[in-house]
There are 2 protein chains.
Amino acid sequence: MFPAVTIQPTDLFAALAHETRLRCLILLTRHPELCVCELTHAIGAVQPHVSRHLAQLRELGLVTDRREGLWIFYRVSPVLPDWVAAVLRETFDAVCGERPFVEDDRVLAQMPNRPGVPRCA
Amino acid sequence: MFPAVTIQPTDLFAALAHETRLRCLILLTRHPELCVCELTHAIGAVQPHVSRHLAQLRELGLVTDRREGLWIFYRVSPVLPDWVAAVLRETFDAVCGERPFVEDDRVLAQMPNRPGVPRCA
DNA sequence: GCTCAATATTCGTTCTAGGGTATGTTTCCA
DNA sequence: TGGAAACATACCCTAGAACGAATATTGAGC
């Protein structure tokens with residue numbers, strides 16, 4: 001019932017202050033969960049880059065990960081403190097229509113061979 | 001009617017990611033306006049330190065300043081974009097009862113010779 | 001004019017976050 | 001058991017942020 005994590009405000013804002021991390025979080029707000037290769041493809045960065053920033057989000061407790069075969073799926077933590085969830089929502093509502101966040105989602109939608117997405121031709 | 005400033009999300013979060021700047025903003029959310037010496041006293045830092053960080057908040061458009069004699073009074077900008085104001089409010093509500101923000105306000109309340117505050121003994 | 005108070009800025013230094021690349025780990029499959 | 005795919009981590013290096021201290025600016029008062 002209680003949030004499982006405690007997040008210092010300056011830590012939260014430092015996490016959101018980096019464009020790669022913010023873009024990942026915005027994508028993860030649009031979608032229930034995404035794997036690293038999807039985030040990497042959507043953002044257009046190299047895999048270690050995305051992986052490193054996802055690790056920071058994970059260490060802070062903003063996202064959780066689960067393994068399924070070769071893929072590791074990330075999602076926004078379901079046990080965020082209320083005010084953190086509120087900040088994320090406000091931010092998402094404000095920027096989801098702006099660049100580069102719209103493009104990220106467009107690029108993701110056109111990604112071929114996405115894991116978890118059935119390939120019904 | 002329209003917000004006078006445009007603030008990039010990463011810029012906002014970078015500003016909030018520094019404790020000095022966040023403490024100033026929280027104090028300025030509690031009080032309509034405060035001068036530099038009040039903020040300096042409340043936070044317990046040296047004057048150039050506070051001044052430098054206030055300058056960053058001002059350049060971003062998060063706060064405005066007005067001169068009155070020797071003092072320069074800062075206040076939270078009245079023309080913030082809605083989502084920025086919402087993020088600030090959520091953050092304030094979440095942390096205003098925590099350290100070091102409560103102590104900052106206590107120290108400020110006990111400050112002698114505050115400008116603008118009538119000295120009715 | 002001079003002096004003091006409040007604030008801002010500059011300068012040189014230190015420190016940490018981030019980038020690029022290479023390599024390690026885990027899992028699946030043949 | 002060997003290889004390939006997906007992801008994580010380590011290493012070295014660099015650029016930018018922040019600090020401390022000194023100095024500049026602005027305004028009030030005499």
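In what follows, chains are A, B, ... by sequence order, proteins preceding strands, each numbered from 1.
Taking the side-chain contact (heavy atoms from CB on, under 4.5 Å) definition, one finds that A:E103 meets it with A:R99, A:R106, sequence neighbours left out. Considering only residues two or more places apart in sequence or on other chains, B:S51 meets the side-chain contact (heavy atoms from CB on, under 4.5 Å) condition with B:Q47. Residues passing the side-chain contact (heavy atoms from CB on, under 4.5 Å) test with A:R52, sequence neighbours excluded: A:H49. Every residue two or more places apart in sequence or in another chain that forms a side-chain contact (heavy atoms from CB on, under 4.5 Å) with B:P48 is listed here: B:V46. For A:R21, there are no salt bridge (Lys or Arg N to Asp or Glu O under 4.0 Å) partners at least two apart in sequence or on another chain. Judged as a side chain to side chain donor-acceptor pair (under 3.5 Å), and not counting sequence neighbours, A:R67 has no contacts.
Transitive grouping of hydrophobic side chains (ILVMFWY, heavy atoms separated by less than 4.5 Å) brings A:V36 and A:M111 into a common cluster.
Residues from residues 68-75 of chain A with heavy atoms under 4.0 angstrom of DNA chain D, sorted by number: A:L70, A:W71, A:I72, A:Y74. Non-hydrogen atoms lying under 4.0 Å from DNA chain D are contributed by B:H18, B:R21, all within residues 7-22 of chain B. Listed by residue number, A:P48, A:H49, A:R52, A:H53, A:Q56 are the residues of residues 48-64 of chain A with a heavy-atom contact under 4.0 Å to DNA chain C.
Looking at heavy atoms from C-beta onward, A:P100 lies in side-chain contact with A:R23 at the 4.5 angstrom threshold. Between A:L22 and A:V95 there is no side-chain heavy-atom pair separated by less than 4.5 Å.
Partner of A:L62 under the side-chain contact (heavy atoms from CB on, under 4.5 Å) criterion, chosen from A:L28, A:V84, A:D11: A:V84.
Residue pairs meeting the ring pair (Phe, Tyr, Trp, His ring centres under 6.0 Å) criterion with at least one member in residues 59-90 of chain A: none, sequence neighbours excluded.
By the 6.0 Å contact criterion, CZ on A:R66 is enclosed, its count of non-hydrogen atoms from other residues, nucleotides or ligands being greater than 12. The local environment of CZ in B:R30 is crowded, with over 12 non-hydrogen atoms from other residues, nucleotides or ligands closer than 6.0 Å.
Between the CG atom of B:L16 and the OG1 atom of A:T10 there is a distance of 10.0 Å, given to the nearest 0.5 Å.
You can see that DNA chain D meets the heavy atoms of chain B within a 4.0 Å-exclusive cut from D:dA18 to D:dA28, reading 5' to 3'. Of all nucleotides in DNA chain C, those with any atom nearer than 4.0 Å to a heavy atom of chain B start and finish, going 5' to 3', at C:dA5 to C:dT10.
Side-chain atoms of A:E38 come within 3.5 Å of backbone atoms of A:C35 as a donor-acceptor pair (strictly under, hydrogens ignored).
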